[in-house]
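Working notes, structure below.
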Amino acid sequence: MIEIELDGRKVDILEGSMIMHAAEKAGTYVPHFCYHKKLSIAANCRMCLVDVEKMPKPMPACATPVTQGMIVRTKSDKAIKAQQSVMEFLLINHPLDCPICDQGGECQLQDLAVGYGGSGSRYQEDKRVVTIKDVGPLISMQEMSRCIHCTRCVRFGQEVAGVMELGMSNRGEHAEIETFVGQSVDSELSGNMIDICPVGALTSKPFRYSARTWELSRRKSISPHDSTGANLIVQVKNNQVMRVVPFENEAVNECWIADRDRFSYEALNSDQRLTGPMIKQGGVWQAVDWQTALEYVANGLRTIKADHGADSLGALVSPHSTLEELMLAGALMRGLGSHNIDHRLRHAEFVPAEGVRHLGMPIAALSELQRVLVVGSNLRKDHPLFAQRIRQAVRKGAVLSTLCEHSQDWAMPIANAMLQPSAQWVQALADLAAAVAVEKGISPPVPGQVSEQASAMARSLLGGERKALLLGNAAAHHGKAASLLVLANWIAAQTGASVGYLSEAANTVGAQYACALPGPNGLNAAQMLAGGLKGVLLLNLEPEFDSAAGPAAAVALAKASMVVTLSPFKANLAFSDVLLPIAPFTETSGTFVNAEGRVQGFHAVVKPLGETRPAWKVLRVLANLLGLPGFEFESSQAVLHQVPELANPQTTHVSSELLSNTTTATADLTPAATPPVVAGIYALDGLVRRAASLQLTADARSMPLAPQAVNA
């Protein structure tokens, strides 16, 4: 640590830090545009000029290293005049179109121009005009004349997203930020460029001209998509979600969110929303009131139970549902005497698990790993925010190894890539275990062949200190998932690594706590989707898209006596008998448990649309009509109290004793019969599938909505 004087105050700061870092530590604001705490230093806007004693000219605070005894003044006449001069230059070519600019009200340039700009300009020449560019359905570059060349967007692409999709061409007043060879911006994190743009050059194409920033109410929420549990700010106008932006949480999503977190809100306002209960009569859908619909369902469940027994009833529930909804769905089935409930819709193997499958480490620790082995994941598309954390680790020198089916562009260097058909993944891990055993001079757990590739991967895992074996969606859905875990645990034990599941959905971990799993002699998801039930409850899912059964699920479910769909959308029309409109995450309170076991509660940000009701209320009333005891809940919080370990939404993590990736299974080296099924990045759940702009992206066009086998 060294000591400097900043505006008359002593500040201790790490050697090698910049003046800007010292100012941040001291709570002193230095005006800036190009500097961003998560990006490398460019020092090209010069707005952060400060007065450094013994320096003949003002120095940029973002690029001037501190030295022992340095004296810095950020508010002296010399500093202020320098900043005012820079502002004058920045406004020479900037179009003063604030009244029609979408960035108005949250624009750094506008704010700083008030403090450092003049009342008039000395320049009378024509302002430059930049050609309009179309870079895709998410980002608007219609007003690049506003660009001040801070290059934040360029650096974000290179350093965080891992893809340099934007760059600067030409020099001087001819300089432009653009894509090259007419390409679009296709990164799964591209929307963050909108947030970090300090002017109105990059704006949200779906949000453009729909509201002014000061008209919006801002409310916190949690992403309902992948297992990161990204913290969100949902911006609302007239009881309608207008925009979603990140809420900074260094332990979870830092200050970034994935594009599906940002733009999936479009589905909330789509014409596909289900706004009232409906019953199919004579093949025709009829709108009914809630009392009629719920009594119809209750009578139907009673009749089926009486005629065919409780075992003929079952519930398939989405792991994107809240903890409270999952708990009540399971309690409802068990109250009727059925143990047929499952959330593992895309799984191929259903071996009973010991403990709860989870990440095995804090999300923030992904950025500090030194050795990583990822098995069965297209990491960049399955978990964009996990991928960018591992990308940070690789930039610091971490060695990344993968076991997957095909070569994939992860936008980061992969040191060891083992490409094997998914049916051979268990044998591939056995080979790696054998290589580790050879390196350590011990016996392998199962027979394996030590290849040069396996040896290189083994040596990598035996080096370094902070290490992890991460099992992806395809590994979790694999026909030999338990065998993969057995071998991963053995390799981790011998190399000093942790083992974890990246987890597919927002509440995959929470669904395990909620006991959304078959009880004794209960049917699993695959068995229920094969058509063995007479009465089926579908919570927030579309089996054709959300399960491994795919289109075959619709054929099987059509044979049931009654299928009840609880969904925010007009879904499952072909085989459902009742549609009950339930609230999406923006219209209900609830809890998600992310991949690391972090419990995060949220509240509704808008009123339910039409006759929509929160699913936990619908399930509670249905249980009351069925005369089931123990359903006297007045709030979602009361439901959550049924799991004492998770009862407080402010809990950072659940008890470590409840988390476990161990297993007592043994490794079966026979090839898996069928390839695992995974969903595309914009086909993961009903919200992203109905977000119009996301479905226009290159990623959506490259993968159809139906889930695909890994080797397809």
Side-chain angles (χ1 to χ4, degrees), residues 40 157-164 187-189 359-361 363-422 424-440 444 448-475 484-485 487-502 710:
S40 63
Q158 288 178 291
E159 299 164 15
V160 180
V163 184
M164 186 178 175
S187 166
E188 62 284 349
L189 298 171
L359 185 61
M361 62 192 305
I363 290 174
L366 292 173
S367 306
E368 303 301 324
L369 290 172
Q370 296 176 339
R371 299 290 187 272
V372 191
L373 170 59
V374 179
V375 179
S377 175
N378 184 357
L379 186 66
R380 182 179 163 193
K381 303 303 179 184
D382 293 346
H383 300 90
L385 293 174
F386 289 172
Q388 77 86 16
R389 285 218 182 244
I390 292 176
R391 191 173 294 118
Q392 291 178 36
V394 172
R395 286 172 60 86
K396 298 173 188 173
V399 178
L400 173 61
S401 303
T402 66
L403 169 59
C404 54
E405 184 118 23
H406 302 295
S407 178
Q408 298 160 336
D409 180 11
W410 283 14
M412 67 183 94
I414 298 175
N416 304 293
M418 192 181 291
L419 302 180
Q420 296 282 351
S422 59
Q424 301 298 325
W425 285 355
V426 177
Q427 185 61 58
L429 277 189
D431 294 346
L432 175 58
V436 170
V438 168
E439 292 290 330
K440 296 193 68 176
Q449 183 175 359
V450 181
S451 65
E452 184 178 338
Q453 194 175 41
S455 293
M457 197 175 287
R459 287 192 295 272
S460 167
L461 289 172
L462 287 166
E465 296 179 358
R466 299 180 294 276
K467 315 172 217 183
L469 273 71
L470 303 175
L471 302 173
N473 295 348
L484 291 174
L485 179 59
L487 291 168
N489 277 328
W490 189 90
I491 294 168
Q494 299 303 319
T495 59
S498 66
V499 175
Y501 281 92
L502 293 167
V710 167

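One-based numbering along the sequence shown.
For the pair Val426/Leu484, a side-chain contact is recorded, criterion being any heavy-atom separation below 4.5 Å from C-beta on. In this structure, the side chains of Gln158 and Val163 stay at 4.5 Å or more apart for every pair of heavy atoms. Inter-residue side-chain proximity for Leu403 and Gln420 is flagged as met; some heavy-atom pair is nearer than 4.5 Å. Ser40 places a side-chain heavy atom less than 4.5 Å from the side chain of Glu159. A heavy-atom distance below 4.5 Å is not found between the side chains of Leu502 and Leu471. Residues Val436 and Trp490 are in side-chain contact: their nearest non-hydrogen atoms beyond the backbone lie under 4.5 Å apart. Between Leu469 and Val374 the shortest side-chain heavy-atom distance does not fall below 4.5 Å.
Judged by distance alone, with hydrogens and angles left aside, the side-chain atoms of Ser187 form a donor-acceptor pair with the main-chain N or O of Leu189 at under 3.5 Å. Between the side chain of Lys467 and the main chain of Leu461, a donor-acceptor pair closer than 3.5 Å is present. The closest donor-acceptor contact from the side chain of Gln370 to the backbone of Gly464 lies at 3.5 Å or more, if one exists at all.
The minimum heavy-atom distance linking Ala454 with Ala435 is given by the pair O-CB, 3.5 Å. Val160 approaches Arg391 most closely through the heavy-atom pair O-NH1, 2.6 Å. For the pair Ala458 and Leu432, the tightest heavy-atom approach, listed with the atom from each and the gap, is N-CD1, 3.7 Å. Contact record, Ser377 with Asp382: OG-OD2, 3.5 Å, taken as the closest heavy-atom pair. Closest of all the heavy-atom pairs between Ala417 and Gln453 is O-NE2, 2.6 Å. Residues Cys404 and His406 approach most closely at SG-O, 3.3 Å, considering heavy atoms.
In this structure, CG in Asn489 is found 9.5 Å from CD1 in Ile491, a value given to the nearest 0.5 Å. Taken from CZ in Arg466 to CG in Leu366, the straight-line distance is 12.0 Å, to the nearest 0.5 Å. Of the inter-residue distances, the one linking Ser460 atom OG with Leu400 atom CG reads 8.5 Å to the nearest 0.5 angstrom. Note: Leu429 CG to Met457 CE = 9.0 Å, rounded to the nearest 0.5 Å. Here Met412 contributes atom CE and Arg395 contributes atom CZ; the two are 11.5 Å apart, rounded to the nearest 0.5 Å. Taking OG of Ser407 as the start and CG of Leu419 as the end, the distance is 6.0 Å to the nearest 0.5 Å.
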Test Glu405 against Asn378 for side chain to side chain contact (heavy atoms under 4.5 Å, CB included), laying out the working first. CA-CA 10 Å; Glu405 184 118 23; Asn378 184 357; over 6 Å; no
Output, in order, the C-alpha distance, side-chain angles, deciding distance and verdict of side chain to side chain contact (heavy atoms under 4.5 Å, CB included) for Val394 and Val399. CA-CA 6 Å; Val394 172; Val399 178; over 6 Å; no
Candidate pair Arg380 and Gln388, rule side chain to side chain contact (heavy atoms under 4.5 Å, CB included), full reasoning: CA-CA 8 Å; Arg380 182 179 163 193; Gln388 77 86 16; over 6 Å; no
Under the criterion side chain to side chain contact (heavy atoms under 4.5 Å, CB included), I'd like the reasoning laid out for Lys440 against Leu462: C-alpha separation, chi angles, the key distance, then a yes or no. CA-CA 9 Å; Lys440 296 193 68 176; Leu462 287 166; 4.0 Å; yes
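The side chain to side chain contact (heavy atoms under 4.5 Å, CB included) test with His383 is passed by exactly one of Ile390, Ile363, Asn473: Asn473.
Counted by atom type alone, Glu439 and Ser455 present zero donor-acceptor pairs between their side chains at under 3.5 Å.
Look at Lys396 and Glu368 and you find a salt bridge, because one of the NZ, NE, NH1 or NH2 atoms lies within 4.0 Å of a carboxylate O, short of that distance.
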